[in-house]
Peer 1: 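Have a look at the structure that comes next, please.
Numbering starts at 1 and runs along the sequence shown.
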Amino acid sequence: TQALRVAGPVRPDVVILALHLPDLPGVEVTGRLLAAHPGTRVLILAASGEQADVLDAVKAGTSGTGRAGARRVPPPCHQPRAGYTQAHRP
């Protein structure tokens, strides 16, 4: 995918991916990116917000997830609700 091609020479600090990409699933791209660039943080946006999708993203090593199309973005001082893992915290 484009994310894998661009990340090589650019070596980004953060990559934001969609969960569902045309070529490969975002979870698989996350695994490949982190294998090649362990210091890169990956955030995955999912349209569905399904718990299984979020869990797959966390297992792949993503630094966080978000819901694509969400209208409200919490401020940086936002305190997550109980039950959220470290990967979900801003």
Peer 1: Are any of the side-chain heavy atoms of L24 and R32 separated by less than 4.5 Å?
Peer 2: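 Yes, side chains in contact.
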
Peer 1: Going through the distances and angles, do K59 and V27 end up as a side chain to side chain contact (heavy atoms under 4.5 Å, CB included)?
Peer 2: CA-CA 9 Å; K59 286 180 182 178; V27 171; over 6 Å; no

Peer 1: With rounding to the nearest 0.5 angstrom, report the CG to OG1 distance, L17 to T65.
Peer 2: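 Answer rounded to 0.5 Å: 12.5 Å.
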
Peer 1: Show me the side-chain donor-acceptor pairs of residues 33-45 shorter than 3.5 Å, one per line, residues at least two apart or across chains.
Peer 2:
| unit_1 | atom_1 | unit_2 | atom_2 | d |
| --- | --- | --- | --- | --- |
| T40 | OG1 | P12 | O | 2.9 |

Peer 1: Going by the rule side chain to side chain donor-acceptor pair (under 3.5 Å), which residues pair with R11 if we only count those two or more places apart in sequence or in a different chain?
Peer 2: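 Expected list: none.
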
Peer 1: Mind checking the CD-CG spacing from E28 to D56? Nearest 0.5 Å is all I need.
Peer 2: 12.0 Å

Peer 1: Is it the case that atom CD1 in I16 sees more than 12 heavy atoms from other parts of the structure closer than 6.0 Å?
Peer 2: no

Peer 1: T30 side chain to G26 main-chain N or O, any donor-acceptor pair under 3.5 Å?
Peer 2: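 Flag set: sc T30 to bb G26 pair under 3.5 Å.
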
